[in-house]
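Here's the structure we're looking at; comments come further down.
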There are 2 protein chains.
Amino acid sequence: MGKQATEMLKGVLEGIVLAMLSLRPAYGYEITAGLRDQGFRDIAEGTIYALLLRIEQRQLVDVEKAPSEKGPPRKVYTLNAQGQEYLDEFWRTWSFLTERLEELRDGGK
Amino acid sequence: MGKQATEMLKGVLEGIVLAMLSLRPAYGYEITAGLRDQGFRDIAEGTIYALLLRIEQRQLVDVEKAPSEKGPPRKVYTLNAQGQEYLDEFWRTWSFLTERLEELRDGGK
DNA sequence: CCTCGGTACTCGGTGTTACTATGTACTAGT
DNA sequence: ACTAGTACATAGTAACACCGAGTACCGAGG
């Protein structure tokens, strides 16, 4: 992914993480690893932790500490009702954007 | 569109405008009006003009002054080769994102 | 005449976000 | 003791969309 990706990820990355959490609860390190697996190779760890702190402060997720066998305790995030609502809104905006861009791409030839 | 849209537009708006310019040359006011027609009701004029100045300075577009019958002269923007390349890169990143999000959305049910 | 609305572009300041780089801390294996 | 892997946090930076205001040019109605 090029440098444009940095700007394009703004707002979207949050939606991606919330969508991941809507599938099942997860902790930061796990989410970072999952993103890397999915091709987001150059997303820095710090970015994810900062994002998680943000959505925690906005109370879109519930947090629970869980011990780890191989390191410091994990912070497990669970999407709550407010977060689900926010995610729905994200999908609406995302759909709107994809529709517009689809049109533009098709109109291009 | 909700408040999330502001962040989600970052980077994407630039791609949208470049895509519009790839269809045919246009000037700022025209682009703003076009966006409003396409449903982007709350995009501020100032945002578009600032964006146009940016892509001009990065030499993604060629600029030409053209007189208007009903106001100050227009600045007509034309996508150049460098801009087309940048737009291609945008589409690649966009496709990547849509694919990932498609998976996440489907996995959700 | 001159104000008003539509056309057309510019600019300074603000908030949010992802990135970089660094630091802390716990565990297991060598 | 050292290293690597796990797990989280934070201070500083750059980029971008937004807001508000301003400039300027034109035609029509009061």
Side-chain angles (χ1 to χ4, degrees), chain A residues 1-18 25-36 40-58 60-61 63-77 86 90 93 97, chain B residues 1-18 25-36 40-58 60-61 63-77 86 90 93 97:
Chain A
M1 295 210 296
K3 321 89 217 163
Q4 304 189 55
T6 291
E7 289 304 321
M8 285 200 231
L9 274 178
K10 295 198 175 168
V12 177
L13 185 57
E14 192 172 277
I16 291 173
V17 170
L18 290 174
Y27 56 96
Y29 193 82
E30 187 184 7
I31 292 170
T32 303
L35 286 171
R36 290 203 204 287
F40 295 96
R41 297 277 140 70
D42 23 73
I43 288 186
E45 264 195 288
T47 298
I48 300 302
Y49 288 113
L51 189 160
L52 289 170
L53 285 180
R54 274 203 312 272
I55 64 177
E56 179 185 353
Q57 276 158 12
R58 288 187 203 152
L60 304 178
V61 287
V63 186
E64 218 174 339
K65 275 257 167 72
S68 163
E69 325 81 49
K70 6 173 42 178
R74 297 163 173 167
K75 279 178 76 176
V76 177
Y77 295 87
Y86 192 85
F90 168 79
T93 305
L97 285 178
Chain B
M1 297 209 295
K3 321 89 218 162
Q4 305 190 54
T6 291
E7 289 305 321
M8 285 199 228
L9 273 179
K10 292 196 177 171
V12 177
L13 185 57
E14 192 172 277
I16 291 173
V17 170
L18 290 174
Y27 56 96
Y29 192 82
E30 187 183 6
I31 292 170
T32 304
L35 286 170
R36 290 205 203 286
F40 296 96
R41 314 241 176 250
D42 23 72
I43 289 186
E45 262 196 288
T47 298
I48 301 301
Y49 287 113
L51 191 161
L52 290 171
L53 285 181
R54 272 199 319 268
I55 64 177
E56 179 184 351
Q57 275 158 13
R58 285 184 204 154
L60 304 178
V61 287
V63 186
E64 218 175 339
K65 275 259 166 71
S68 163
E69 326 81 48
K70 10 176 34 180
R74 299 164 172 165
K75 279 178 75 178
V76 177
Y77 295 86
Y86 192 86
F90 168 80
T93 305
L97 284 178

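For the numbers below, each heavy atom of this structure counts, side chains included, while hydrogens, waters and symmetry mates do not. The shown structure was predicted, so the numbers you read here are calculated from the model rather than taken from an experiment.
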Side-chain N,O ([X]) to OP1/OP2 ([N]) below 4.0 Å:
X: B/Tyr49; N: C/dC9; result: yes
X: B/Thr6; N: D/dA17; result: no
X: A/Lys65; N: D/dC8; result: no

Where each residue is assigned the nucleotide of DNA chain D containing its nearest heavy atom, which of A/Val76 and A/Lys10 is assigned the position nearer the 5′ end?
A/Val76
Ignoring hydrogens and geometry, is there a side-chain-to-backbone donor-acceptor pair from B/Glu30 to B/Val76 under 3.5 Å?
no
A/Arg36 (side chain) donor-acceptor with A/Ile43 (main chain) under 3.5 angstrom:
yes
Write down the distance between [atom1] ([X]) and [atom2] ([N]), rounded to a whole number of angstrom.
X: B/Glu7; N: C/dG15; atom1: CD; atom2: P; result: 13 Å
X: A/Tyr27; N: D/dA9; atom1: OH; atom2: P; result: 14 Å
X: A/Arg54; N: C/dT16; atom1: CZ; atom2: C1'; result: 8 Å
X: A/Glu56; N: D/dA9; atom1: CD; atom2: P; result: 8 Å
X: B/Met8; N: C/dA18; atom1: CE; atom2: C1'; result: 15 Å
X: A/Lys70; N: D/dG5; atom1: NZ; atom2: C1'; result: 7 Å
X: B/Gln4; N: C/dA18; atom1: CD; atom2: P; result: 12 Å
X: B/Leu9; N: C/dT16; atom1: CG; atom2: P; result: 16 Å

Residue [X], side-chain heavy atoms: nucleotide from [options] that is nearest:
X: A/Leu53; options: D/dT10, D/dA7, D/dA17; value: D/dT10
X: A/Arg58; options: C/dA18, D/dA7, C/dT16; value: C/dT16
X: B/Tyr29; options: D/dA9, C/dT17, C/dG6; value: C/dG6
X: B/Glu45; options: D/dA9, C/dC9, C/dA18; value: C/dC9

Heavy atoms under 4.0 Å, any strand shown: does [X] hit a base, just sugar-phosphate, or nothing?
X: B/Gly46; value: base
X: B/Glu69; value: sugar-phosphate
X: B/Ser68; value: sugar-phosphate

From B/Tyr77 OH over to B/Leu52 CG, what is the distance, rounded to the nearest 0.5 angstrom?
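It is 4.5 Å, given to the nearest 0.5 Å.
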Could you grab the distance from atom CG of B/Leu35 to atom CD of B/Glu45, nearest 0.5 Å is fine?
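Answer rounded to 0.5 Å: 11.5 Å.
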Which comes earlier along DNA chain C counting from the 5' end, the contact point of B/Pro73 or that of A/Leu13, where each point is its nearest nucleotide?
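Looking at the nearest nucleotide for each, B/Pro73 comes out on the 5' side.
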Considering only NZ, NE, NH1 and NH2 on the basic side and carboxylate oxygens on the acidic side, decide whether B/Lys75 and B/Glu56 come within less than 4.0 Å.
yes
